[in-house]
Amino acid sequence: MPVSGSTGPARRGAPAPPPRRTPLQSFQRFVRTPKGTLLWILLGFVVLAMMAKTPQHPLPDVIAAVVGAVLADVALSGMKGEAMGFPSGAIISGLIIALVLAWQTPVYVDLLLGIAAVTGRHLIRTRWSNVFNPAVLALILGTLVFHLGQSWWGAAPFRGSGTGIGILSLVPVVAGAWYMAGKVGKLPLALAYLLTTLVGFTVAAFLGAAAHVDQVYRWPDIQALIFFSGFMLTDPPTSPARQGDQLWFGAVAGAIAVLTFLTLGVQWFILAGLPVANALESIRRV
């Protein structure tokens with residue numbers, strides 16, 4: 001019998017400590033998470049764009065946006081005294097920003113918008129999550145401040161012939177968006193957004209705006225709508241989980257997108273409704 005203070009044998013029936021994961025096991029576990037899945041899908045779009053005949057090499061823009069987002073995440077987490085893990089969220093925000101912005105965007109702007117996205121995520125938040133989708137908020141603010149173009153090259157790296165929709169480029173974005181929305185349980189949300197936007201534009205066409213809205217059904221706008229609905233709209237922290245709430249969330253974001261296009265004609269109309277839907281979702285949670 002051990003004396004007081006001695007180490008002694010392990011108490012019978014005490015649970016054994018869980019085995020430590022190897023780096024490979026941790027990596028495999030991360031890949032299976034929604035963030036890991038999204039990260040690899042977005043990297044796949046970068047690779048597809050690099051394989052396609054593009055007017056400019058995308059890698060500098062991608063690196064700048066990701067570096068800006070990661071540096072901001074590390075700095076702000078340190079200032080807040082938070083434990084810093086793998087910055088997957090920052091990398092995803094940087095990738096989305098780079099995949100949406102036009103080729104002509106200066107590299108330093110990609111860097112600044114990566115910083116802005118993560119800064120917004122850290123500063124504009126409630127006790128449960130950030131309020132707005134970080135990448136979308138940065139893209140809208142950046143477009144307004146720097147008058148940036150949005151080509152959505154990551155959503156449609158293979159351009160169709162003439163003025164068509166580019167059937168080849170629809171395949172990867174539809175497959176990836178459908179899989180990602182299903183994995184996070186937000187397929188009703190994505191479909192509600194797409195249905196609202198496409199029905200809204202079709203009604204507008206029958207009411208006399210056909211020449212104005214026909215571009216929505218062409219390359220790259222139709223691919224951009226699908227990319228947005230599957231990869232950006234369904235961001236788990238900033239979108240509702242219940243199916244009924246997903247339907248109104250997607251419908252609100254889609255209706256505002258249609259109204260923004262018809263009234264303002266701005267290039268960022270696809271993004272316009274999400275901050276409003278994000279704000280309404282935060283109010284509903286409160």
Side-chain angles (χ1 to χ4, degrees), residues 33-35 38 69 72-73 76-77 79-80 82 88-90 92-94 96-97 100 113-145 150 177 180-201 224-264 266-286:
T33 65
K35 275 189 176 182
L38 178 57
D73 201 21
L76 291 169
S77 295
M79 290 172 60
K80 294 162 66 176
E82 297 176 350
S88 55
I92 288 170
S93 293
I96 290 175
I97 288 169
V100 171
L113 292 191
I115 294 172
V118 174
T119 302
R121 192 189 77 193
H122 278 271
L123 297 183
I124 310 174
R125 59 183 304 112
T126 62
R127 57 185 171 82
W128 52 79
S129 73
N130 46 297
V131 176
F132 301 105
N133 181 292
V136 170
L137 194 62
L139 284 167
I140 293 176
L141 293 176
T143 302
L144 294 175
V145 173
Q150 295 178 3
M180 194 66 232
K183 187 174 181 65
V184 296
K186 303 294 176 70
L187 198 55
L189 194 161
L191 293 176
Y193 175 83
L194 288 174
L195 183 63
T196 302
T197 52
L198 295 180
V199 168
F201 286 125
L225 281 170
I226 298 169
F227 183 96
F228 174 76
S229 66
F231 303 126
M232 302 165 72
L233 189 74
T234 56
D235 176 39
T238 58
S239 60
R242 292 195 309 176
Q243 191 172 99
D245 293 325
Q246 290 183 34
L247 296 178
W248 71 255
F249 187 95
V252 167
I256 294 176
V258 173
L259 291 174
T260 302
F261 182 84
L262 294 175
T263 56
L264 302 178
V266 291
Q267 201 173 28
W268 47 273
F269 74 94
I270 295 175
L271 310 174
L274 184 53
V276 177
N278 287 152
L280 291 175
E281 169 62 9
S282 284
I283 292 172
R284 184 196 66 81
R285 293 180 184 182
V286 171

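Computed from a predicted structure; not experimentally measured.
- We find the CG-CD1 distance between N278 and I283 to be 11.0 Å, quoted to the nearest 0.5 Å.
- For the atom pair CZ of R121 and CG of L76, the computed distance is 9.0 Å after rounding to the nearest 0.5 Å.
- No side-chain heavy atom of T197 sits under 4.5 Å from any side-chain heavy atom of F261.
- Within the 4.5 Å cutoff, no side-chain heavy atoms of Y193 are placed close to those of F249.
- Nearest heavy atoms, I140 versus P275: CD1-CG, 3.7 Å.
- The minimum heavy-atom distance linking V118 with A69 is given by the pair CG2-O, 3.3 Å.
- Between the CG atom in L191 and the OG atom in S229 there is a gap of 7.5 Å [rounded to 0.5 Å].
- Taken to the nearest 0.5 Å, the NZ atom of K183 stands 7.5 Å off from the OG1 atom of T33.
- A heavy-atom distance below 4.5 Å is found between the side chains of R285 and S129.
- Q246 approaches P188 most closely through the heavy-atom pair OE1-CD, 3.5 Å.
- Of the inter-residue distances, the one linking E281 atom CD with T126 atom OG1 reads 10.0 Å to the nearest 0.5 angstrom.
- Residues F269 and I256 fail the side-chain proximity criterion, which asks for heavy atoms closer than 4.5 Å.
- A side-chain donor-acceptor contact under 3.5 Å links T143 and Q150.
- In this structure, the side chains of I124 and L137 come closer than 4.5 Å at one or more pairs of heavy atoms.
- Using a 4.5 Å cut-off on side-chain heavy atoms (C-beta onward), L274 and F228 make contact.
- Between the side chain of D245 and the backbone N or O of P240, no donor-acceptor pair lies under 3.5 Å.
- A pairwise comparison of heavy atoms in L139 and L271 identifies CB-CD1, 3.8 Å as the closest pair.
- Among all heavy-atom pairs drawn from A177 and G230, the shortest one is CB-CA, 3.8 Å.
- Residue-environment remark: CD (Q243) stays at or below the threshold of 12 foreign heavy atoms within 6.0 Å.
- With respect to the salt-bridge test (charged N to carboxylate O, under 4.0 angstrom), the residues D235 and K186 do not qualify.
- Using a distance-only test at 3.5 Å, with no hydrogens or angles considered, no donor-acceptor pair links the side chain of R284 to the main chain of L280.
- Shown here for I97 and A117, the closest heavy-atom pair between the two residues is CD1-CB, 3.8 Å.
- Side-chain atoms of S239 and L233, non-hydrogen and from C-beta on, never get closer than 4.5 Å to each other.
- At a cut-off of 3.5 Å, with distance as the only test, no side-chain donor of N130 or H122 sits close to an acceptor on the other residue.
- Rounded to the nearest 0.5 Å, atoms CZ (F231) and CG (N133) are 13.5 Å apart.
- The shortest distance between side-chain heavy atoms of V258 and T196 does not fall below 4.5 Å.
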